Amino acid sequence: MLTDDGQLVAYFTVLADRIHLETKERPKELRYPNAPAIKLGRMGVRYVTLDALPRPGLVTWYERYGFEVPGRPCRHPPRPDLDDRRTRQPAVLSPRGRPWLAPLLSPPVPRRTWFRRPSPHPRPTMSLRKNYSGYTSFSYLDADTDYRAFELAREIDRVPASPVELTAAEEARVESLVDRFIFISLHEHLGVFPARIEETPEYARHGRMATAFEGLAASYWDCVFDNLMDGICTIHSRSGWQWDDVLHDLGMRLCDIAHQDFVTHCLRTDDIRRAHDEGRVALVASMEGAAMIENDLDRIDLLYGFGLRALGITYSESNALGNGLKEARDGGLTAFGRKAVERMNKVGMLIDCSHCGDQTTLDTIECSELPIVLSHIGARALWDSNRLAPDAVLEACAAKGGVIGVEAAPHTTLTPTHRRHGLDAFMEHFQYIEDLVGIDHVSFGPDTLYGDHVGLHRVYSANLSLKESRGGATPGEDYEPVEYVEGLENPTEGSHNIVRWLVKNGYTDTDIEKVMGGNALRVLDQVWA
């Protein structure tokens, strides 16, 4: 859209059945001749169906869809089939009807960056394959009318980025790896938290957590295991982990996803491969604990039917299945827990023991006919914390064919040589586990989110069992507290820096393919078959 003086204020692309608007500013709505006002989402982007716009007879196709570009009359229809998918530039016709790529801007710019505020912090080039249109959570509703809107944290550059420095050849190799291989994160939280983190309890109580679509579009992940609210899921109860709570949380996330086509709900491994090929992100719905099934095995079937594909045995606290890692004594998997493991095998639910006691984990591995995962964990041999696993547990998981994802939540995967939590401490745990169990059984589950993760821990220390899960004070294990984990602040930065670190440290393409997604995909092919 041009003003009378020729200034570009908005750009539009006519697709097969809708119009895509992108604005340089961020108005709440746009008005065009002969067309209703178009309300825009938080990022100034909105899809508008053609049926919502007037269709008069023989007029220019700009006017037909409610737009005018001064001096550019054209009676030829748009050609969406000419869209250049690699450069991300929409195909538009010139006044003479010839294909014309992005005629209003020079030089061409990826269209998703036109409305993003400039960042003073350099970051790695994002994947060119992401097919993101700019949808923001719940933009199909009216904020503060249909639901209470909170000011949310920035998904990109909330804190200064810390990219791993690479040579030009290494940068090119990273881009090639992203293009060729499937990248899977075994554990994240894709919700966007309030900018004022102390508002999170009220935000969670409303049960409508935004999804970080913009952040995912800037990431390298093709598939992400999203663990929803989990430990802070207190929508209908004060303690959380109730049946109504988790179904509300899951249903709201899937409803939001159903209104866009960039993030897809992953139900089988073919969805992951398709997401990679199409430049989208496959979201696997996962829950860290099974307390909500109580003593009813059929609830495992129901959760699977509602779209859940991964389930933890316990979330730090004990439940009917077994003991959590916060317990002083671990009695292992219960008789009911063994039945639950058998049922999860039968329905095709991936089993996770990241928050279980050691004996409960060992019992689960023994009882399960299929491999399990420790989706987000580290090596207790490096740092004495209940949140991390001893060698015997890591080796047992690998011996059953399972995969161990390395954890990066604040102040977890520390080491004696890296007492300030950051990328180097995180990767030291990766290298230790790789040496212990082999490259075929290690991967990444950074357990990061979009917002102030350290602040969230302060607000929810009781709900998340942080004090108990980290154990007592161990002599010589003092560490430097951080406000955020440098290099792994959110799922986007983690996706960039993990592969960059692997390239910088000389890992082969074959090994990178395995740890960035191949190992996880092998287990999922077995469990979800």
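Keep in mind the model is a prediction, meaning the values are calculated, not measured. Sequential numbering from 1 along the given sequence is applied to the chain's residues. Worth knowing before you read on, the calculation uses all heavy atoms, side chains too, and leaves out hydrogens, waters and symmetry mates.
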Checklist entry - Under 4.5 Å between any side-chain heavy atoms of Val459 and Pro201, yes or no? => result yes
Checklist entry - Could you go step by step and tell me if Phe336 and Leu321 meet the side-chain contact (heavy atoms from CB on, under 4.5 Å) rule? => result CA-CA 6 Å; Phe336 175 77; Leu321 284 71; 3.7 Å; yes
Item to check | Residue of the set Glu288, His187, His189 for which side-chain hydrogen bond (donor to acceptor under 3.5 Å, both in side chains) holds with Asn227 | outcome: His187
Item to check | Residues Tyr484 and Glu493: side-chain donor-acceptor under 3.5 angstrom | outcome: no
Checklist entry - Should we say atom NZ of Lys400 is surrounded by more than 12 heavy atoms from elsewhere, each under 6.0 Å from it? => result yes
Checklist entry - Of all heavy-atom pairs between Leu247 and Phe306, which one has the smallest distance, and what is that distance? => result CD2-CD1, 3.5 Å
Item to check | Ionic contact status for Glu428 with Arg419, cut-off 4.0 Å | outcome: no
Item to check | Modelled atom types, side-chain donor and acceptor of Thr264 and Asp271, under 3.5 Å | outcome: no
Checklist outcome for this item: Closest heavy-atom pair, His441 versus Ala398, reported as atoms and distance to 0.1 Å, is CE1-O, 3.3 Å
Checklist entry - Between Val393 and Ala389, which heavy-atom pair has the shortest distance, and what is it? => result CG1-CB, 4.1 Å
Next on the checklist: Between Asn319 and Thr314, is there a side-chain donor-acceptor contact under 3.5 Å, judged purely by atom types and distance?
Outcome noted: no
Checklist entry - For Tyr479, is the NZ or CZ atom of Arg420 found under 6.0 angstrom from the centre of its six-membered ring and inside 45 degrees of the ring axis? => result no
Checklist entry - Would you find a donor on one side and an acceptor on the other, under 3.5 Å apart, between the side chain of Ser316 and the backbone of His355? => result no
Item to check | Inter-residue atom distance Asp245.CG - Asp230.CG, 0.5 Å rounding | outcome: 11.5 Å
Item to check | Test item: side-chain donor near acceptor, Tyr315 and Asp352, under 3.5 Å | outcome: no
Checklist outcome for this item: Paired with Val281, the side chain to side chain contact (heavy atoms under 4.5 Å, CB included) test is passed by just one of Ile272, Asp226, Val224, namely Val224
Checklist entry - Can you find a side-chain donor-acceptor pair between His376 and Arg387 that sits under 3.5 Å? => result yes
Next on the checklist: Can you classify the ring geometry of Phe213 versus Tyr135 as parallel (below 30°), tilted (30 to 60°) or perpendicular (above 60°)?
Outcome noted: perpendicular
Next on the checklist: With a 4.5 Å cut-off on side-chain heavy atoms, are Ile498 and Pro446 touching?
Outcome noted: yes
Next on the checklist: Side chains of Ser318 and Asn323: any donor to acceptor distance under 3.5 Å?
Outcome noted: yes
Checklist entry - Side chains of Arg380 and Asp358: closer than 4.5 Å at any heavy-atom pair? => result yes
Item to check | Glu342 with Arg338: basic N within carboxylate O range, under 4.0 Å | outcome: no
Item to check | Donor-acceptor side-chain pairing of Gln242 and His236 below 3.5 angstrom | outcome: no
Checklist entry - Is there a donor in the side chain of Asp363 and an acceptor in the side chain of Gln359, or the other way round, less than 3.5 Å apart? => result yes
Next on the checklist: So, applying salt bridge (Lys or Arg N to Asp or Glu O under 4.0 Å) with Arg500, which one of Glu171, Glu175, Glu170 is it?
Outcome noted: Glu171
Checklist outcome for this item: In short, Ala217 meets Lys130 closest at the heavy-atom pair O-CG, 3.2 Å
Checklist entry - What pair of heavy atoms forms the shortest contact from Met229 to Arg208, and how long is it? => result CE-N, 4.3 Å
Checklist entry - Is there side-chain contact between Phe444 and Leu488, with at least one heavy-atom pair below 4.5 Å? => result no
Item to check | Worked check of side-chain contact (heavy atoms from CB on, under 4.5 Å) between Thr413 and Trp383 | outcome: CA-CA 7 Å; Thr413 42; Trp383 197 257; over 6 Å; no
Next on the checklist: Is there a side-chain contact between Leu502 and Met427 in this structure, where contact means two heavy atoms from C-beta onward sitting under 4.5 Å apart?
Outcome noted: yes
Item to check | Test item: Val164 and Val503 side chains (from C-beta on) under 4.5 Å apart, heavy atoms | outcome: no
Checklist entry - Are Glu486 and Leu423 side-chain neighbours, meaning at least one heavy-atom pair lies under 4.5 Å? => result no
Item to check | From CA spacing to verdict: side-chain contact (heavy atoms from CB on, under 4.5 Å), Trp243, Leu302 | outcome: CA-CA 11 Å; Trp243 182 247; Leu302 292 175; 3.9 Å; yes
Checklist entry - Are any non-hydrogen side-chain atoms of Val246 and Leu308 less than 4.5 angstrom apart? => result no
Next on the checklist: Can you see whether Thr417 engages Thr415 through a side-chain donor-acceptor pair at a distance of less than 3.5 angstrom?
Outcome noted: yes
Checklist outcome for this item: Here the pair of heavy atoms bringing Val454 nearest to Val482 is CG2-O, 3.5 Å
Next on the checklist: side-chain contact (heavy atoms from CB on, under 4.5 Å) for Asp452 and Arg158? Distances and angles first, verdict last.
Outcome noted: CA-CA 9 Å; Asp452 183 358; Arg158 187 187 72 86; 3.9 Å; yes
Checklist entry - Going by an N to O cut-off under 4.0 Å, is there a salt bridge joining Asp509 and Arg180? => result yes
Next on the checklist: Parallel, tilted or perpendicular, judged at 30° and 60°: which one describes the rings of Phe150 and Tyr203?
Outcome noted: perpendicular
Checklist entry - Relative to each other, are the rings of Tyr220 and Phe183 parallel, tilted or perpendicular (30° and 60° limits)? => result perpendicular
